[in-house]
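When a residue number appears, it is its place in the shown sequence, counting from 1.
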Amino acid sequence: MPELRNIAIIAHVDHGKTTLVDGLLRQSGTFAAHEVHGDRIMDSMDLERERGITILAKNTAVLYNGVKINIVDTPGHADFGGEVERVLKMVDGALLLVDASEGPLPQTRFVLRKALEAELRVMVCVNKIDRPDARIQEVLDEVYSLFIDLDASDNQIEFPVIFACAREGYCSMDKDVKGTDFKPLFDAIIDYIPAPKGKLDHSPQFIFTQLGYDPYVGRLAIGRLVNGTLRKRQDMMLVGEHGNTKVRVNQVYTYQGLRRVELEGDAVTGDILAVAGIDDLNIGDTLTSIDDPKPLARVRVEEPTIGMVFSANNGPFSGQDGKLVTARQIRERLEKELLHNVALRMEETDGLDAYRVYGRGELQLAILIEQMRREGFELCVSKPEVVIREVNGKQHEPFELAQLDFPEQYMGMITESMALRKGRMTEMKMSGSGRVRIEFRVPSRGLIGFRGSYLNDTRGMGIMNTIFEGFDEHAGYIPFRQNGSLLADRTGQTTAYALFNLQARGALFVGAGVEVYEGMIVGENTRENDMNLNVCRSKQLTNIRTTSADEKLVLVPPIILTLEKALEFISDDELVEVTPHHIRMRKRILAGNMRSVVRGERADAAKKK
């Protein structure tokens with residue numbers, strides 16, 4: 001029976017976690033000589049590979065010098081922090097990756113705080129030491145400061161430091177000595193990360209932290225065997241949040257590299273396993289003995305802060321693209337998502353065909369919407385709204401720490417923009433290379449729609465990272481998009497003739513030959529109010545000829561909005577219509593004679609009161 005080590009790799013987004021796991025898998029001899037694997041092996045979802053980020057935590061295992069090392073690759077984006085909180089229950093230690101140039105960023109603080117709260121042994125790896133702008137010693141000093149700020153214990157702050165270049169496949173314990181492979185990292189994991197402390201003769205305790213699916217055996221429950229033993233065809237007690245159920249474990253799997261391997265004998269205490277044969281279960285449930293049930297504490301994650309309403313598509317083009325269009329099907333899909341995504345919440349609304357879904361951020365909800373549209377769903381979603389709490393009779397809203405990194409010449413523009421959004425500067429650092437890094441404490445409301453304008457203001461050279469900081473008193477009125485919307489006033493197909501004459505009205509989102517309907521947003525107005533336009537008008541043909549009769553019409557290319565940009569653009573009375581092949585924006589009330597074109601009437605009236 002091999003020795004065990006369980007370790008999670010945690011870091012800010014884009015600091016090299018998945019690339020490091022690739023190198024560990026290759027150098028541990030996990031792959032045979034004939035096997036060919038690309039980069040970022042652990043990012044198996046299409047969306048993960050397209051966006052270059054990790055969305056779901058995944059585990060693998062390598063064998064090194066007779067020791068089995070279970071490695072959990074975690075997401076680095078703040079919106080998927082629930083995944084990190086969940087999987088820290090499965091491990092005894094964590095490897096904190098920090099970019100040798102960027103240093104600790106907001107999500108670095110979040111994941112390290114969670115690891116220290118779980119009393120895990122933390123190792124530090126300074127990655128990307130081959131960067132020309134690497135500042136290794138400064139970054140290491142910043143990491144020590146971060147540990148002190150987070151009240152790390154004496155044992156936790158005495159951590160080993162590895163200097164690595166994950167992409168090139170080498171590391172070293174000395175920043176001045178270039179390594180040749182990952183052997184120092186493997187040795188440090190075995191020496192520093194403690195072996196699991198489970199008791200073999202204890203009542204079995206297996207806690208579920210992830211859910212998976214296998215086409216042959218059905219639902220898989222993935223977690224850690226904290227105490228006792230477990231084998232296939234064993235009768236157990238499933239202790240859930242609302243009661244206990246007797247179940248039978250049909251199969252037990254362990255991990256070897258990227259594969260699940262069925263166990264014939266008893267599972268090792270402390271190992272990360274997958275079990276099959278249990279259908280009705282939830283994350284946080286415990287599998288334990290029937291005779292002496294001893295459940296473990298349930299997995300708890302921080303509450304969501306942003307929500308939006310998901311509703312059935314009731315537009316004129318409903319049902320033309322997708323196969324799953326009813327509110328019942330949308331509800332079933334959302335309930336299925338809630339089973340394995342513990343950071344999401346769902347509640348009913350006053351409407352029969354709409355459900356309010358809460359998550360950690362716009363990106364997390366946008367990923368869910370993108371997954372649903374690829375599965376064939378049609379739906380409408382509202383503008384993201386923050387969660388408002390009442391504390392001692394006063395309204396409290398979520399605040400975030402936003403770290404902005406941009407060229408110095410845009411300082412005045414950015415600080416003015418953040419001031420309008422109730423942002424308060426808490427820290428400023430001049431890099432000396434013409435860039436400045438500023439940290440603002442700002443309401444989450446103020447960051448909705450900010451990313452797009454920030455990139456425009458900095459000519460695409462700005463970097464932005466945010467992390468949830470807590471709830472505080474409501475910051476007051478924050479102005480939203482100043483410009484109104486250009487709206488189609490009838491159903492039809494856009495024409496080049498109509499669009500050419502309307503270009504001066506604002507930026508268009510549609511080109512010629514696009515099907516539109518009344519109330520659909522076709523552009524952004526240059527003025528404050530909305531404007532209804534006839535974008536389907538065709539040229540009247542007569543027998544009269546003029547010198548300008550057949551002028552060539554040159555259209556400005558339309559702005560094609562992605563799902564995230566569309567969610568940032570819409571206001572309270574607008575929706576994003578999502579189908580498998582189209583992303584449209586529209587008014588809640590489509591008929592032009594049933595709505596006002598004057599924007600912000602309710603907000604302005606509330607402000608005057």
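Between the side chain of Asn227 and the main chain of Lys199, a donor-acceptor pair closer than 3.5 Å is present. Looking at Glu397, its side chain does come within 3.5 Å of a backbone N or O of Ala475 through a donor-acceptor pair. Not a single donor-acceptor pair under 3.5 Å links the side chain of Thr108 to the backbone N or O of Ala11. Checking side-chain atoms of Thr286 against main-chain N and O of Phe206 turns up no donor-acceptor pair under 3.5 Å. For Gln205 (side chain) and Lys294 (main-chain N/O), a donor-acceptor pair under 3.5 Å exists by modelled atom type. The backbone N or O of Ser101 lies less than 3.5 Å from no partner atom in the side chain of Asp133, so there is not a single donor-acceptor pair. Under a 3.5 Å cut-off, the side chain of Lys68 and the backbone N or O of Tyr255 do form a donor-acceptor pair. The backbone N or O of Val87 sits nowhere less than 3.5 Å from a side-chain atom of Thr209 that would complete a donor-acceptor pair.
Summarising the local packing, CZ of Arg333 is surrounded by more than 12 heavy atoms from other residues, nucleotides or ligands at distances under 6.0 Å. Under a cut-off of 6.0 angstrom, the local environment of CD in Glu347 is crowded, with over 12 non-hydrogen atoms contributed by other residues, nucleotides or ligands. More than 12 heavy atoms of other residues, nucleotides or ligands lie within 6.0 Å of CZ in Arg113, so this atom counts as buried by the packing criterion.
Under the ring pair (Phe, Tyr, Trp, His ring centres under 6.0 Å) criterion, the residue pairs touching residues 126-155 are Tyr144-Phe159, Phe147-Phe159, with sequence neighbours excluded.
Using a 4.0 Å cut-off between charged side-chain N and carboxylate O, Glu3 and Arg5 make a salt bridge. A salt bridge between Glu142 and Arg135 is present, with a side-chain N of the basic residue lying under 4.0 Å from a carboxylate O of the acidic one. A salt bridge links Arg373 to Glu370: one of the charged nitrogens lies within less than 4.0 Å of a carboxylate oxygen. A salt bridge between Asp99 and Lys128 is present, with a side-chain N of the basic residue lying under 4.0 Å from a carboxylate O of the acidic one.
Inter-residue side-chain proximity for Ile129 and Lys175 is flagged as unmet; no heavy-atom pair is nearer than 4.5 Å. With a 4.5 Å cut-off on side-chain heavy atoms, Lys114 and Ile10 do not count as touching. Between Asn465 and Gln107 there is no side-chain heavy-atom pair separated by less than 4.5 Å. Residues Ile193 and Ile69 form no side-chain contact, since every pair of their non-hydrogen atoms from C-beta on lies 4.5 Å or further apart. Contact check for Lys89 versus Val226: no side-chain heavy atoms found under the 4.5 Å cut-off. With contacts defined as side-chain heavy-atom distances shorter than 4.5 Å, the pair Asn6/Asn70 qualifies. By the 4.5 Å heavy-atom criterion applied to side chains, Val357 and Leu365 are counted as neighbours. You'll find the side chain of Met308 reaches within 4.5 Å of the side chain of Ile369, heavy atoms only.
Contact between Leu273 and Ala267 at its shortest, heavy atoms only, is CD1-CB, 3.5 Å. Among all heavy-atom pairs drawn from Leu344 and Gly359, the shortest one is CD2-CA, 3.8 Å.
Taken to the nearest 0.5 Å, the CE atom of Met428 stands 13.5 Å off from the CZ atom of Arg437. Interatomic distance, Leu24 CG to Ile189 CD1, rounded to the nearest 0.5 Å: 6.0 Å. Residue Ile467 holds its CD1 atom at 10.0 Å from CZ of Arg109, rounded to the nearest 0.5 Å. Taken from CG in Leu455 to CD1 in Ile463, the straight-line distance is 10.0 Å, to the nearest 0.5 Å. Of the inter-residue distances, the one linking Lys429 atom NZ with Ile438 atom CD1 reads 12.5 Å to the nearest 0.5 angstrom. Atom CG of Leu185 sits about 9.5 Å away from atom OH of Tyr64, to the nearest 0.5 Å.
By the 6.0 Å and 45° rule, Arg441 stacks over the aromatic ring of Phe399. Judged by the 6.0 Å and 45° rule, Arg360 forms no cation-pi pair with Phe468.
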What donor-acceptor contacts under 3.5 angstrom involve side-chain atoms of residues 176-184, with partners at least two apart or in another chain?
from, atom 1, to, atom 2, distance (Å)
Asp181, OD1, Lys183, N, 3.1
Lys183, NZ, Asp187, OD2, 3.1

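Remark: Glu262 engages Lys232, Gln251, Tyr253, Glu264 in a side chain to side chain contact (heavy atoms under 4.5 Å, CB included) (not counting sequence neighbours).
Each of Thr74, Asn127, Asp22, Leu95 was checked for a side-chain contact (heavy atoms from CB on, under 4.5 Å) with Lys17, and the lone residue meeting it is Thr74.
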